[in-house]
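Notes to accompany the following structure.
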Amino acid sequence: MSLDVRESVPLAPLTTLGVGGPARFFAEAADDAAVVEAFRFAEARGVPLFVLGGGSNLLVADRGVDALVLRVRVRGVELAGGAEAAGDDGRGPRVLVRAGAGEGWDDLVARAVAEGWAGVECLSGIPGDVGATPIQNVGAYGQEVAETIAEVRAIDRATGAAVVLAGADCGFGYRDSRFKRAWRGRYVITAVTFALRPGGAATVRYPELQRALAAPPGGAPPPLAEVRRAVIALRRGKSMVLDPADENGRSAGSFFMNPTLEAGAAAGVLARIEAAGVLAAGEAIPRYPAGEGRVKLSAAWLIERAGFAKGTRHGAAGISTRHTLALVNRGGATAAELLELARRVRRGVLDRFGVALTPEPDLVGFAPGDVDDLVGDAHAAG
C-alpha cells in the first residue's frame, strides 16, 4: 500500500492559525496513484476527503475533521515548454513553468524572480502551496494568479482519471474560481502550469506598491527583485508573512474578503457611511473599480470605522495589532473564540454600514449550523 494512512493526527500544527482538533484519518500523496488510492480509502470507510494545502487559508473546528485529510505533496518545478509553446500575449513571449501542487508558493515566486520570469512578483511572501492558488485565485498588490495560469492538472474524483483544465475554463474571479463553486469537491489539483514572461517588466499598478517603490504611474518599472523586496516589506509591516517571532504571526492572513458591490448598492453604502459620521475632515472612502460596473470597498477600513481597533481581543483570539483584516491566535486560542470574534466583527460592519463581509478562509469540520451566520452564501467545508 503506497498510501500511509494515520489516525487522529493533530491538524493545528499544520495550519498557520495553529488551532483546531485532529483529523480522523490523515495521509500524504506524492503522486497521482496515491491520490487515487486516497479516494478509494475514503469511499471504503464512508468518510469525506478533504485536501489540505499549506494550511494558510484555513480554520479547523475544535472537534477536528471527521474525514480523510489528504496533503498533496507532488513536487517538482520544470519548464513545460518554450516561448513558442506559451505564445505571445501582446507584451512579449512567455515561458511555461509547471509546478507540483506540493511546492511552496513563495519558493516558486522566488525562483521566478531569480530567473527573470515576470508575472507573479507581486504575489511574493504569500504562504501556502502552489496547488491552492487556482482555487482561491490568489492575488495581492495588483496581481492575481488568474493572469498567468495556463492550465491546471488534477485528478477527477469521480473517475480517478488525470485531467488537464485550461486556465481560461477555470472561471476565475475576485478570490474565486470554479473550484470553489461548480467544481467544488470534484478535482484534486496535482500541478499548475504558469505562463510567465522571461525578461518581462514587473507589474506595478497598485497604489500602495507604487508609493513604496517611489514609482510614478506610467514610469519605467523597477526590477523584479526590487518589487519582490518591496512587497515582502509591505506584507511584513502588516504581519502578513510567516514569522514565529511576530506577535501577530498566527493568522490565516486576511480573514474577510473585500466586498464588491453593484454600483447602485455601493452608492447606498457610501451614503450610509457618510451619514454615520465616521469620516475625518477631507477623508475619502477607499473604493476601487471591480469591473462590470461593480465597486470594491476596503474590508479593513470598514472594520476599523465600525469600531474594531487593531489589537481588539476576545479571549486568546484577537485582531492583529498591525492590520484589522487579520484575526490572530494570541496563544492557546480556540476555533470557537476566533469564530465568535469574526461574528462580532461581521455583525458590527453589517449593523453600521449594511455590508455583509464574507470570510476568506475555509471553515473546516464545523456543522453547517455552526457557521451559517458567518458564511451566508459561502460554504463550510467538512
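Everything numeric here is computed off the predicted structure, so don't read it as measured data. Hydrogens, waters and symmetry mates are skipped; everything else that's a heavy atom, side chains included, is used.
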Item to check | Salt-bridge criterion met for Arg40 and Glu37 (N-O under 4.0 Å) | outcome: no
Checklist entry - If only atom types and distance count, is the side chain of Arg94 paired as donor or acceptor with the main-chain N or O of Ala195 below 3.5 Å? => result no
Next on the checklist: Between Thr324 and Ala300 (side chain of the first, backbone of the second, donor and acceptor by atom type, cut-off under 3.5 Å), is there such a pair?
Outcome noted: yes
Item to check | Whichever hydrophobic residues join Leu213 through chains of side-chain contacts under 4.5 Å | outcome: Tyr141, Val204, Tyr206, Leu209, Val227, Val231, Leu234
Checklist entry - Stepwise, does the salt bridge (charged side-chain N to carboxylate O under 4.0 Å, His left out) test hold for Arg205 with Glu147? => result CA-CA 14 Å; Arg205 55 186 175 223; Glu147 300 170 52; 2.7 Å; yes
Checklist entry - Just one of Arg75, Arg73, Arg98, Arg111 clears the salt bridge (charged side-chain N to carboxylate O under 4.0 Å, His left out) bar with Glu103, so which one? => result Arg75
Next on the checklist: Around atom CZ of Arg181, are there more than 12 heavy atoms from other residues, nucleotides or ligands closer than 6.0 Å?
Outcome noted: yes
Next on the checklist: Does this structure show an ion pair linking Asp362 with Arg184, if we count only N-O contacts that are shorter than 4.0 Å?
Outcome noted: yes
Checklist entry - Any ring-ring contact (aromatic ring centres under 6.0 Å, His included) pairs touching residues 97-123, not counting sequence neighbours? => result Trp105-Phe194
Checklist entry - More than 12 heavy atoms of other residues, nucleotides or ligands under 6.0 Å from CZ of Arg272: is that the case? => result yes
Next on the checklist: One pair to check against salt bridge (charged side-chain N to carboxylate O under 4.0 Å, His left out): Arg228 and Asp106. What are the steps and the verdict?
Outcome noted: CA-CA 10 Å; Arg228 174 172 166 79; Asp106 194 51; 2.9 Å; yes
Checklist entry - Going by an N to O cut-off under 4.0 Å, is there a salt bridge joining Arg178 and Asp169? => result no
Next on the checklist: Does Glu43 have more than 12 heavy atoms from other residues, nucleotides or ligands lying within 6.0 Å of its CD?
Outcome noted: no
Next on the checklist: Please check: side-chain N/O of Arg250 versus main-chain N/O of Val19, any donor-acceptor pairing under 3.5 Å?
Outcome noted: no
Next on the checklist: Treating Glu304 as the side-chain partner and Lys310 as the backbone partner, does any N or O pair qualify as donor plus acceptor under 3.5 Å?
Outcome noted: no
Item to check | Arg330/Glu337 salt bridge by N-O under 4.0 Å criterion | outcome: no
Item to check | Side-chain ion pair, Glu283 and Arg305, N-O less than 4.0 Å | outcome: yes
